[in-house]
Protein chains: 2
Amino acid sequence: MKTSTLQDVARVAKVSTATVSRTLSNPDVVSESTRRRVSEAVKVTGYRINRAARNLRTRRAHSVLVLLPDLANPFFSTILEGISRILSQQGYSMLIASTKQVHDSGERLIDYLDDARADGMIILDGWLDDEVLQMLKDAPQAERVLFACEWVDGANFPSVRCENRQGTRIAVNHLYDLGHRKIAHVTGPETNVISNARKDEFIAEITSLKLALEPEWIIPGDFSLSAGCQAAQAWIALNDRPTAVFCASDQLAMGFIAELSRHDIKVPNDVSVMGFDDIDLAEQFIPPLTTIKQDRLMIGETAAKMLMARIVTPNEENLEHAAVLPVSLVIRDSTSPPT
Amino acid sequence: MKTSTLQDVARVAKVSTATVSRTLSNPDVVSESTRRRVSEAVKVTGYRINRAARNLRTRRAHSVLVLLPDLANPFFSTILEGISRILSQQGYSMLIASTKQVHDSGERLIDYLDDARADGMIILDGWLDDEVLQMLKDAPQAERVLFACEWVDGANFPSVRCENRQGTRIAVNHLYDLGHRKIAHVTGPETNVISNARKDEFIAEITSLKLALEPEWIIPGDFSLSAGCQAAQAWIALNDRPTAVFCASDQLAMGFIAELSRHDIKVPNDVSVMGFDDIDLAEQFIPPLTTIKQDRLMIGETAAKMLMARIVTPNEENLEHAAVLPVSLVIRDSTSPPT
DNA sequence: CCCCACTTTGCAATCGATTACATCATCTTA
DNA sequence: TAAGATGATGTAATCGATTGCAAAGTGGGG
């Protein structure tokens with residue numbers, strides 16, 4: 001069974017292919033009766049549009065590339081869900097690739113845009129090479145590249161992110177309000193914009209609360225579980241241990257707590273620990289994690305909407321260029337007043 | 001800056017477009033000197049192939065759809081990584097959609113194949129409607145549909161899965177060897193082929209070991225964390241509690257253990273708990289989870305390879321039709337001899 | 001009854017790469 | 001040296017949908 005084409009439909013409906021095409025993409029311009037005849041013919045022939053043909057003619061790929069640092073990171077899944085929702089609503093498909101893979105296969109990121117594979121790109125990875133970034137920045141397609149969660153200082157890419165700084169203040173104040181006066185921070189990766197925003201704001205807020213802050217209370221990490229474990233060891237080794245720890249990610253917090261429990265240190269009794277992100281697991285963790293919630297579904301949806309707007313009406317001046325989404329405090333059992 | 005086409009390259013290299021095309025896709029048939037001239041011209045013009053045009057002409061989408069039940073499930077990420085690796089090696093792109101979304105948007109799954117959006121499909125969801133399945137089965141494109149992890153009893157789709165039954169036997173025997181004689185099982189969803197395979201084999205193995213098995217030792221679940229919590233409550237409510245529990249997934253096991261810990265029941269001291277899958281988190285969990293490891297990277301790679309073989313040489317008789325991959329026991333701290 | 005405006009439809013070019021077939025040059029071999 | 005084989009390249013049709021432009025049809029107003 002060959003799949004049928006516009007021609008077949010046209011033949012059956014006894015109209016031209018132009019009319020069929022118009023009926024399908026812009027029904028208002030054809031007469032009521034033709035519209036009926038055509039839809040009948042479409043049904044009879046079982047016609048499906050050939051996207052390759054349309055893509056060629058319209059110079060649109062009707063798909064968007066989402067670039068992840070790592071497919072295996074649960075942080076991103078809900079964001080993807082949000083992106084995918086908006087895209088499929090608009091008849092677009094979602095292509096997925098990971099930074100590492102693109103790099104290993106020798107492809108250049110910009111190729112996806114250049115070779116008509118994707119109309120735009122949502123980047124969830126702030127760790128791109130400078131070289132790659134430069135290439136993106138210079139390219140005329142740069143306006144169809146959008147960063148979500150991550151962003152690039154200095155470069156003028158549109159972006160969606162959450163209130164990292166406000167979230168940090170909320171976290172610090174939650175611990176402060178519980179009565180903690182010695183608070184440590186486990187950071188994300190050193191070169192990452194998100195972790196720097198959180199770290200800077202942490203220091204600022206601690207300072208503005210006039211709390212003590214020893215240099216070794218800023219413990220370097222990298223968002224991962226295992227970094228959390230190492231951070232816990234660093235904390236344990238301190239002479240003067242802070243009574244609360246604000247971790248830059250939930251994964252860090254989980255690793256931190258896991259390591260503590262191996263040393264028979266109890267959370268929150270012996271130390272309060274907070275995360276950031278509110279990943280799915282945070283609620284089920286033992287103890288359930290107090291954290292700063294990012295609405296990842298909304299991040300995804302917002303990113304997709306912003307990008308689609310740029311794809312549909314390029315060169316538009318008054319497009320939203322950056323969205324900063326609110327965060328909220330989720331209090332669970334990993335924090336309590338110091339004892 | 002307009003992107004350049006084959007024509008532009010041909011003009012610069014002073015050959016026909018046919019020659020350029022051949023140089024690019026089949027370099028052996030052109031002469032050494034032309035090859036050099038053409039690659040020079042490609043460099044000069046910055047030529048990038050237009051995939052829409054190629055896709056139209058070759059009647060290939062050069063992409064594969066991966067269908068997930070749920071983007072937010074961490075179980076799938078490594079499988080995706082594996083699939084993506086193979087696809088990008090072969091110049092294919094990976095499209096992602098979730099069952100729910102396809103359903104909600106009113107699309108039919110088969111449309112992806114029909115409208116030249118994707119050349120094939122890897123389905124990681126066993127929960128498809130009968131209606132959808134029937135449609136897939138009848139379609140001539142069915143041979144380009146492959147199930148991974150999941151499969152459909154009765155339908156003759158190619159598939160990749162792990163040794164579910166053997167994994168189950170290994171698990172039961174591990175517990176048996178530790179000295180457990182009363183073993184419970186928390187199942188996956190009732191209608192799921194995987195959970196049924198594991199459940200059936202569990203019963204068979206318990207029987208062949210001549211162990212006792214009360215009906216209420218088979219606790220229904222659905223692979224999720226929260227089902228694990230409920231299962232723990234069911235276990236707690238038992239008069240005669242089994243000393244070991246084999247859960248059909250790691251998530252179940254984690255939920256189970258989390259709930260126990262809320263009741264101050266210690267794993268493995270008070271009860272041994274095993275999972276199945278070896279998801280990334282299993283190692284970091286408290287206690288680190290004893291489980292049956294599925295090599296998810298290999299599942300993904302195998303699935304992609306099998307599908308690609310079918311796409312590249314359709315109607316080939318001697319294609320591998322089902323791959324069953326080995327599993328292994330990973331012993332960590334959630335199991336111990338009964339006390 | 002004619003003219004103009006407006007709606008509806010058709011014609012045909014177009015998007016850019018691939019490939020069957022034809023052509024031409026060069027080389028082998030009897 | 002002629003015939004045939006081999007290799008390299010060009011010509012042009014093709015994939016299937018979209019769309020600018022022209023033409024045909026319809027209706028209203030003068």
Side-chain angles (χ1 to χ4, degrees), chain A residues 1-39 41-42 45-63 91 111 113-119 312, chain B residues 1-39 41-42 45-63 91 111 113-119 312:
Chain A
M1 182 191 67
K2 270 186 48 197
T3 66
S4 44
T5 71
L6 260 198
Q7 299 251 22
D8 301 325
V9 179
R11 201 173 312 120
V12 172
K14 298 198 197 318
V15 294
S16 71
T17 60
T19 301
V20 178
S21 173
R22 280 189 284 252
T23 310
L24 264 29
S25 57
N26 199 1
D28 296 338
V29 305
V30 303
S31 73
E32 169 68 23
S33 75
T34 338
R35 211 180 307 150
R36 267 205 306 273
R37 288 229 310 292
V38 170
S39 12
V42 165
T45 55
Y47 171 75
R48 291 272 102 210
I49 195 174
N50 181 316
R51 291 189 172 230
R54 178 175 63 176
N55 290 352
L56 173 59
R57 180 57 224 237
T58 60
R59 299 158 155 294
R60 285 270 169 80
H62 294 275
S63 62
D111 287 353
L113 263 28
D114 271 344
D115 67 11
R117 241 183 307 180
D119 298 323
V312 174
Chain B
M1 181 192 69
K2 269 186 49 199
T3 65
S4 45
T5 71
L6 260 198
Q7 300 250 22
D8 301 325
V9 179
R11 199 173 313 119
V12 172
K14 300 201 196 316
V15 294
S16 70
T17 60
T19 301
V20 178
S21 174
R22 279 188 287 252
T23 310
L24 263 30
S25 56
N26 198 1
D28 295 339
V29 305
V30 303
S31 73
E32 168 68 23
S33 75
T34 330
R35 211 180 307 152
R36 267 206 304 273
R37 288 231 307 294
V38 169
S39 13
V42 165
T45 56
Y47 169 75
R48 291 272 103 209
I49 195 173
N50 181 315
R51 291 191 172 228
R54 178 175 61 177
N55 291 351
L56 173 58
R57 180 56 225 237
T58 59
R59 299 159 157 292
R60 285 269 170 81
H62 294 275
S63 63
D111 288 353
L113 264 29
D114 270 345
D115 67 12
R117 240 183 308 179
D119 297 323
V312 174

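A, B, ... follow the sequence lines: proteins, then strands. Residue 1 opens every chain.
Across C/dA12, C/dT18, D/dA17, the shortest atom-to-atom separation from the side chain of A/Ala18 is found for C/dA12. Counting only heavy atoms from C-beta on, B/Leu56 has its side chain closest to D/dC15 among C/dG10, D/dT9, D/dC15. When distances run from any side-chain atom of A/Ser16 to the nucleotides C/dC11, C/dA17, D/dA8, the shortest one goes to C/dC11.
A close approach under 4.0 Å does not occur between any side-chain nitrogen or oxygen of B/Thr19 and OP1 or OP2 of D/dT9. Side-chain nitrogen and oxygen atoms of B/Arg48 include none within less than 4.0 Å of the OP1 or OP2 phosphate oxygen of C/dG16. A/Thr34 has a side-chain polar atom (N or O) that falls below the 4.0 Å cut-off from OP1 or OP2 of C/dT9. Listed pair A/Arg35 / C/dT8 fails the phosphate criterion, with no side-chain N or O lying under 4.0 Å from OP1 or OP2. Between D/dG16 and A/Tyr47, no contact under 4.0 Å exists linking OP1 or OP2 to a side-chain N or O. For the pair B/Ser31 and D/dT9, the criterion of a side-chain N or O lying under 4.0 Å from OP1 or OP2 is met. Note on A/Thr5: every side-chain N or O is 4.0 Å or more away from OP1 and OP2 of D/dC15.
Contact annotation for A/Ser21: base contact, defined as any heavy-atom pair under 4.0 Å involving a base atom. In this structure, B/Val15 reaches the sugar-phosphate backbone alone: every heavy-atom distance under 4.0 Å involves primed, P, OP1 or OP2 atoms, never a base.
One donor-acceptor pair, N or O on each side, does fall under 3.5 Å between the base of D/dT14 and the side chain of B/Arg57.
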